[in-house]
Structure formats: C-alpha cells, structure tokens
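First the structure, in the form of structure tokens, and then the observations on it.
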Amino acid sequence: MNWIKTKNNKPLKISDIPLLQSDVLLSETVKECKINKRPVGFFGTEEEQSIRLFILLADDLNSDILVSSCVFTKGAKYPSLTCKMPSFHMFEREFYEQYGIEPTGHPWLKPIRLGTDKDYPFFKMDGEELHEVAVGPVHAGIIEPGHFRFICHGEKIYHLELKHGYQHKGVEALFVDSGRLNNCLAESIAGDTVIGHSIAYSNAIESLSGIQITQKAEIIREIALELERIAVHIGDLGAISGDIAYQMGNAVFGVTRTLIINAMLDICGNRFGRGLIRVGGVLFDIDDSLAERVKATLDRAVADTERAAKTMFSTSSVLLRLERTGIIKKEKAVDLGLVGMTARSSGIDLDIRKDHPYGNYKNLAVKCDHPSGGDVFARTYIRYAEIKRSAKIVYALLEILKNTKGDKIILESSNNIASDSLAVSMVEGWRGEIAHAAITDNNGKLKRYKIKDPSFNNWIALVIAARGAGISDFPLCNKSFDLSYCGNDL
Amino acid sequence: MLNTLILRCFQGKQFIEEPENAVLGKKFRGIPVLNSDKCDKCNKCVPVCPTKAIDSEPFQLDLGKCIFCGDCGRACSGGAIRFTNDHKLAATKRQHLIIKPGTTVDDYKNNSIKTKENIHKIFGRSLRLRQVSAGGCNGCEMELNACSNANFDMGRYGIEFVASARHADGIVITGPINKNMAAALEDTIKSVPEPKIIILVGTCAISGGIFQDSDVLNRIILEKYKIDTYIPGCPPHPLTFINGIRRYLA
C-alpha cells in the first residue's frame with residue numbers, strides 16, 4: 001500500500017503511514033496528481049540522522065486525504081516535481097529551505113523566508129528599453145511588508161517577482177517550543193483570519209485528544225467563521241473601490257464592515273474574534289437577545305451591501321477597470337494549484353466546507369452563483385455573492401442554535417494528546433483553504449506543527465495576473481487577491 | 001449618478017461625533033483593575049498567561065505584554081483581576097503600563113499619558129505619520145486603517161498617515177520587530193526628518209507580545225530611540241489610538 005487514506009480532522013498513527021522509497025513516493029505523487037489529487041502538505045520532520053518527508057494530497061471528490069512519506073539522508077537531492085506539476089513549486093522551495101533537501105531542476109529555487117536583501121537572485125531581462133521598478137518592503141499604505149520587482153517596457157509589465165519573508169517570525173517553531181495549548185498564537189498567524197486559523201488549530205488538537213465539542217460550540221464557531229468572511233469581503237469591496245478611485249464605494253463598504261466587526265465585539269469582546277475560540281469549545285455564548293442583535297445587524301449590513309454593490313456594479317467607470325483585468329484562466333489556476341475564492345472565481349469548484357466538510361457544513365449549502373472569468377471583476381463580484389451566501393448560512397445557524405440550550409460552550413480540555421500521531425485539519429477561511437498538520441512525539445508533545453495559509457498557494461497567481469498588464473493596474477490586481485504576507489511568511 | 005446620490009442619502013451621518021466620550025461594548029477588554037484583597041495567592045493566573053504579562057509577587061499586570069485574552073481573569077476564582085471596557089489605554093512612559101493593585105481606571109487614565117511639551121509649536125495643528133509593519137500579523141494594520149474610515153475619521157483632527165517617511169512627523173511601529181524587517185525599519189525611521197516622534201502600536205511592538213520567545217526577532221533598534229507613546233492592545237481599538245494620540249498632542 002502506497003498511501004493511507006484519512007479524512008479532515010481524523011488522526012493517524014505515524015506507524016500506519018507508509019514509508020516508501022523516495023523515487024516510489026515521487027512517482028506515486030505524480031500518478032495521483034494526474035487523477036485529480038492536489039497537494040495540501042509537503043513538509044518534513046527532523047529524525048535523528050535523516051529527514052522524513054510527508055506528502056498530503058487532497059482527494060476532493062471523495063473527501064479523502066492521502067498520506068504517505070519517505071526518508072532522505074541529510075543533504076540528499078531528488079528530481080523536482082515542479083517541472084511536471086507547478087502546484088508543488090512553493091512546497092518544494094519551502095522543504096528545501098527548511099531541511100536542505102534539494103529538488104534538482106526546480107526552475108525557481110529561491111529562498112522564501114530567509115533570503116537577505118543583498119544577494120537575492122532576482123530574474124533579469126536584458127533590453128535597452130526595459131526598466132525595473134522596485135517596490136517595498138515598506139509600502140505606501142498601511143499594509144504588511146513585502147518586495148515587488150517589476151520588469152517593464154514602458155507601462156507594460158513583462159515580469160513581476162515577489163520576494164517575501166519580511167514578516168517571518170517563526171510561528172511554526174513557537175507552537176512546538178511553547179509546549180502548551182496556544183490558541184492565542186493561532187489567532188496571530190494571520191490577524192485578518194483569526195477565526196479561520198483558530199478553528200484549524202483547535203480542530204487539529206481536539207482530534208488528537210479525542211475531544212468532541214458540543215453542537216452549540218460548533219455552531220458558534222461556524223457563525224464566527226462566516227461573520228469573518230462577510231466582514232473581510234465587505235472591507236475588500238471597499239478597498240477595491242478605493243484602488244479605482246470609486247470613493248463612494250470605499251466609504252460605504254468601509255462603514256458597513258464596521259457593523260459586522262462590531263457585532264463580533266458584541267459576541268466576544270474583540271472586533272476580530274480574538275478570545276472566542278479555545279481548544280474544547282468557545283468562551284462566549286450567544287444567547288437569544290444577542291442572537292437577535294446579530295441577526296438585526298446582519299440584516300442591515302446585507303441590505304447596505306446590496307444597495308452599494310448594485311450601484312457599484314452598474315457604474316461603467318467601475319466596470320471598465322475591473323473587467324478583463326488580471327485574468328487567471330481555469331487551466332492555469334488548476335496547474336498552479338490555486339485555492340479558495342481565487343480558484344472559484346476562475347471556475348474551479350473547490351470549497352473545503354463542501355469538499356471536506358466538518359460540523360454543520362455537512363448539512364449546509366455553501367455554493368453560490370458567481371462569474372468565473374478569472375478577471376478582477378470575477379474576483380470582486382464573488383465577494384458580493386459570498387457575502388449573501390454566508391449571511392444565509394448565519395441565519396440558518398442561528399436557527400439551529402436555538403435547539404442547543406442545554407449544551408455547554410466549553411469542555412474541559414484534557415492534556416491527553418495522542419502520541420506518535422498526525423492530524424490534518426482543513427478550514428475554508430475567507431481567502432481559501434487553511435491546512436494545519438500536527439505531528440506528536442511518543443510523549444504526546446507536538447513535534448512538528450505545519451501551517452499552510454491559502455496565500456502560500458495563491459501568491460503566484462498575482463505574478464501571472466500581472467504579466468502583460470499595465471503597471472497602473474497592479475494595485476487593483478493585488479487587492480483583488482488580497483493575500484496575506486504573514487500567512488505566507490509565518 | 002442618481003443611484004450614487006440615493007446611496008449617499010441612505011448612509012446619513014456615520015461618524016462618531018465625540019470619540020473621547022465613546023463607550024465600547026460591555027465585553028470589550030480594556031483597562032484592567034487588580035484587587036489584592038480578593039487575591040488568595042493561588043497563583044493560577046500566572047501560568048495561564050500566554051505572554052508572561054502577570055506577576056503574583058508583586059501582584060501586577062503589564063499592559064505592554066498583555067494581549068487582553070482575559071484568561072487570567074477567568075482563571076482567578078476570587079475575582080481579583082477584572083477587565084473594564086475602558087479603551088483609553090495609551091501611555092507615554094513604559095512603566096505607566098504596569099497596573100498595580102488599587103490602581104483605578106481614573107488613576108490610570110489621569111497619569112498614563114502626558115501631552116508633549118512644545119509639540120504644538122513644532123508640528124502646528126497637524127500630525128503626519130508613517131507606519132511600518134515589522135513582523136506583525138495585520139491585526140494592528142487593519143485597525144490603523146480603520147482610524148481613517150468614515151466612522152472614526154481621524155483626519156478631522158489633522159492626524160493622517162502618509163505614504164512617504166520624508167513627509168512624516170513621526171513613525172508608527174507595529175509587529176514584534178523581526179530580523180528580516182529590522183534594517184528596513186531602521187532606514188524608514190532615519191528617513192523621517194527631525195524632530196520626530198516614535199509611537200509603538202500593539203503589544204507585539206511594545207514587548208514582542210505573543211512572539212516574545214521567537215528566535216527570529218531583533219528588537220535592538222528600539223534601544224536606540226526614545227519612544228514617545230505606547231498604544232497597548234491586541235490589536236488596539238481605533239478609539240484607543242485616536243484618543244491616545246489626541247491626548248498626546250493637546
């Protein structure tokens with residue numbers, strides 16, 4: 001047996017995971033990826049004399065996760081998978097940076113987090129009329145740091161290269177070193193996806209410790225996840241409006257977002273949902289009067305969003321900037337292994353809530369109608385569609401919350417974490433697929449904690465979208481993806 | 001065009017008229033109050049704190065390290081630690097951020113922030129700030145952006161964020177300051193013309209916060225400069241920032 005199958009939030013014993021020869025594992029991976037599997041994990045653990053590589057592939061049609069592994073001696077090399085399957089390109093770079101196992105023939109084998117400014121090997125292009133534009137790490141707005149290097153001919157972008165790592169603060173190592181349950185750290189993996197990463201972390205730890213949280217806690221987490229999606233999407237509609245100088249949209253969506261994040265403060269005391277989720281459940285209940293307030297706020301926010309979005313999407317100066325800008329075709333999106341909202345707006349039907357469901361998502365419809373042309377317009381409009389869909393999900397969850405009166409909100413978390421195990425936990429955050437993998441040692445302590453933010457898959461999409469575009473469209477393209485720097489840099 | 005005007009009419013007035021008097025929801029975790037009479041020295045609060053913000057001997061809470069998760073208050077069976085919903089957390093000196101038993105909310109607010117002498121003479125009635133994120137999580141950045149939206153509208157007080165450090169009167173630092181950003185941060189600080197002020201926003205910037213034990217931080221740069229204002233919070237509420245800066249200015 002070359003692979004062992006598991007499910008989202010279903011732990012495995014390390015001893016049950018196949019240990020193959022590296023060439024067998026790699027050819028098996030190519031074989032599986034040709035039949036609709038895609039990578040969600042490609043990471044190592046340090047053994048005494050060697051490095052063990054774990055490969056996790058998602059089988060979205062059957063809601064399975066395929067797991068297998070191989071061992072490399074330190075300093076070994078292997079033929080890169082990226083040439084055959086570009087979706088592995090970031091995974092292989094990361095594995096090389098963390099463990100020094102070189103994928104030979106990788107076309108873009110550069111540092112992703114640890115590179116220094118001085119000797120970073122940017123691609124060059126020769127030509128008398130070409131010029132380079134360097135932006136960052138400190139940008140013009142209040143955003144996270146990252147470096148963009150454009151090679152342009154006049155206004156036209158020939159090539160864009162991203163250099164990340166400026167936000168690197170050693171999050172994965174901190175999970176292992178802190179030696180404690182650390183929901184607060186999970187909340188700070190990416191401050192705009194507090195709920196998404198908190199749920200992924202909590203699910204991973206709970207599945208390893210055999211905790212089944214109450215239905216009430218499950219519902220409250222899902223309400224928070226959808227509210228987070230609604231809030232960020234509304235904020236992004238405002239930010240996209242700002243980037244195309246559509247000031248009315250910027251102002252209106254800005255204040256509408258405030259309604260939702262203030263509702264989050266009403267639930268748990270923090271506008272981004274910090275302090276709500278803990279391993280074992282949630283810390284704050286939603287009682288009847290709070291549920292009414294959340295519903296009323298949502299009614300108003302959705303009405304305001306609809307009014308503003310309808311006006312926005314019927315304004316020709318807006319459409320002129322959004323349509324046919326920064327196109328990512330479906331084939332390209334599949335090749336690159338894009339996830340989440342970005343993948344869906346290129347026509348890929350991929351959503352963890354539907355493909356690898358957990359909790360109440362098993363019974364909720366998450367699909368919505370949206371354009372799938374892969375341009376900025378599609379990526380903008382899908383937000384509007386998802387806001388309305390998520391609001392419906394919240395209404396449905398508030399309804400079933402009424403039947404959970406007797407439930408506790410949090411269970412005592414025991415420290416009985418399964419030893420020598422691996423758990424994979426996937427959540428559809430507002431950007432897309434968040435995947436956490438936790439591996440424990442023989443004492444039930446975390447030995448490796450691997451985090452994959454959707455930004456890790458999707459930054460390459462910005463590079464492709466910018467090629468051939470005018471440099472003045474770059475900020476708009478960038479905002480249409482709205483990717484996380486810290487989620488990528490960890 | 002007509003639709004845009006209708007949209008405008010529906011919105012009405014959205015700004016908070018008096019940010020200094022705004023009160024946040026009851027669950028908001030703001031200035032904490034410690035009561036040593038209720039403390040039975042059980043020491044449960046110390047190990048639950050993820051950022052080592054609380055000490056039992058002597059009993060005190062450092063807002064420069066606190067991420068306002070509230071875990072200490074929940075661990076305390078006697079109710080010796082209570083978070084009020086007062087958001088005015090800004091302080092001008094690092095030691096003011098340390099809450100001791102008996103410090104009331106009013107004590108804290110009256111003592112923590114002092115208006116900078118002559119600042120009016122130097123900067124007039126406006127303040128232009130440049131923000132640098134050094135290893136943050138984007139939480140503080142989102143709240144700083146929110147300061148300029150139509151609700152909080154910080155621009156009405158002459159306080160604005162600018163695109164270039166050369167145009168700025170001061171610098172706002174967020175994030176725990178990691179190695180990879182240390183050089184870029186220092187360059188940006190140097191690019192701000194003198195006299196300049198330095199503001200640390202968020203617990204990460206003040207102490208490293210939840211990332212304080214990371215081995216890829218490099219906070220040496222903070223020792224080279226005098227810090228003018230500390231804005232604690234994880235992330236600080238926009239009102240904490242706006243009211244803090246306004247008190248600092250006048």
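Below, read A as the first sequence line, B as the second, and so on, with proteins coming before strands; counting in each chain starts at 1.
Two residues are said to be in side-chain contact when any heavy atoms from C-beta on lie closer than 4.5 Å; A:H233 and A:Y384 fail this criterion.
When heavy atoms are compared at a cutoff of 4.5 Å, A:V171 approaches chain B solely by way of its side chain, counted from C-beta outward. The parts of B:F211 that come within reach of chain A are both its backbone and its side chain, each placing non-hydrogen atoms under 4.5 angstrom from that chain. With a threshold of 4.5 angstrom between heavy atoms, B:I210 approaches chain A through its backbone and through its side chain. Contacts of A:I142 with chain B are made by both backbone and side-chain atoms, with heavy-atom separations under 4.5 Å. Proximity to chain A involves both the backbone and the side chain of B:C234, based on heavy atoms less than 4.5 angstrom apart. For chain B, the nearby part of A:D266 is the backbone; its heavy atoms alone come within less than 4.5 Å. Residue B:V162 touches chain A through its backbone alone, counting heavy-atom pairs closer than 4.5 Å. Only the side chain of B:D71 comes within contact range of chain A, judged by heavy atoms closer than 4.5 Å. For B:N151, the parts sitting under 4.5 Å from any heavy atom of chain A are the backbone and the side chain alike. In this structure, the portion of B:P176 lying under 4.5 Å from any heavy atom of chain A is its side chain and not its backbone. Residue contact with chain A, scored on non-hydrogen atoms closer than 4.5 Å, involves the backbone and the side chain of B:S214 alike. Interface residue B:A134: only backbone heavy atoms are found under 4.5 Å from chain A. Residue A:Y485 does not touch chain B at all, counting heavy-atom pairs closer than 4.5 Å. For a residue to count as touching a neighbouring chain, one of its non-hydrogen atoms must lie under 4.5 Å from one of that chain's; by this rule A:R307 touches chain B with backbone and side chain alike. Contacts between B:F68 and chain A at a heavy-atom distance below 4.5 Å are absent for every atom of the residue. For B:C49, the part lying under 4.5 angstrom from a heavy atom of chain A is the backbone only.
Among A:L114, A:V138, A:I261, A:N250, the residue with the largest count of heavy-atom pairs under 4.5 Å with chain B is A:V138. When each of A:G235, A:G238, A:A308, A:G275 is scored by its heavy-atom pairs under 4.5 Å with chain B, the top score falls to A:A308. Between chain A and the options B:C204, B:G139, B:A163, B:C69, the largest number of non-hydrogen pairs under 4.5 Å is found for B:A163. Heavy-atom pairs under 4.5 Å with chain A were tallied for B:G30, B:G175, B:G136; the largest tally goes to B:G136. Most heavy-atom pairs under 4.5 Å with chain A, from the set B:E141, B:R8, B:Q14: that is B:Q14. In terms of heavy-atom pairs under 4.5 Å with chain B, the best-connected choice from A:C184, A:G487, A:A173 is A:C184. Your options are A:R278, A:R257, A:R113, and the one with the most heavy-atom pairs under 4.5 Å with chain B is A:R278. The choice from A:R180, A:M312, A:H139 that makes the most heavy-atom pairs within less than 4.5 Å of chain B is A:R180. For the options A:D177, A:T256, A:I267, heavy-atom pairs under 4.5 Å to chain B are most numerous at A:I267. The choice from B:D187, B:T51, B:L144, B:L7 that makes the most heavy-atom pairs within less than 4.5 Å of chain A is B:L7.
Taking CG from B:D169 and OG from B:S126, the interatomic distance works out to 6.0 Å, rounded to the nearest 0.5 Å. Note that CG of B:L63 is 12.5 Å distant from CD1 of B:I231, once rounded to the nearest 0.5 Å. From B:H237, atom NE2 reaches atom CG of A:L265 across 6.0 Å, with rounding to the nearest 0.5 Å. With rounding to the nearest 0.5 Å, the separation of CD1 in A:I409 from CD1 in A:I220 is 6.5 Å. Interatomic distance, CE of B:M154 versus OH of B:Y157, reported as 11.0 Å (0.5 Å rounding).
Looking at B:N43 and B:S56, their side chains do bring a donor and an acceptor atom within 3.5 Å of each other. Using modelled atom types and a 3.5 Å distance limit, the side chains of A:R274 and A:S188 yield a donor-acceptor pair. When only modelled atom types and interatomic distance are considered, A:S202 and A:N183 share a side-chain donor-acceptor pair under 3.5 Å. Between the side chains of B:Q131 and B:T174, at least one donor-acceptor pair of N or O atoms lies under 3.5 Å.
No close placement of the B:H87 and B:F28 rings is indicated, their centers lying 6.0 Å or farther apart.
With hydrogens and angles ignored, the 3.5 Å screen pairs a side-chain donor or acceptor of B:N178 with a backbone N or O of A:Y166. Of the possible polar contacts, one joining the A:E97 side chain to the A:I112 backbone as a donor-acceptor pair under 3.5 Å is found.
Residue A:K169 comes nearest to A:C486 through the heavy atom pair NZ-CB, 3.5 Å, listed as atom of the first residue, atom of the second, then distance. Across all non-hydrogen atoms, the minimal contact from A:A239 to A:K479 is CB-CE, 3.3 Å. Nearest heavy-atom pair across A:G141 and B:R130 is O-NH2, 3.1 Å.
Between B:K65 and B:D55, none of the side-chain N atoms (NZ, or NE/NH1/NH2) sits under 4.0 Å from a carboxylate O, so this pair counts as no salt bridge.
Contacts between residues 15-27 of chain B and chain A, defined by a heavy-atom separation under 4.5 Å, are made by B:G25, B:K27.
With a 6.0 Å radius and a threshold of 12 heavy atoms from other residues, nucleotides or ligands, B:R156 has its CZ atom above the threshold.
Ring orientation note: the planes of A:F148 and A:H164 are nearly perpendicular, at an angle over 60° on the 30°/60° scale.
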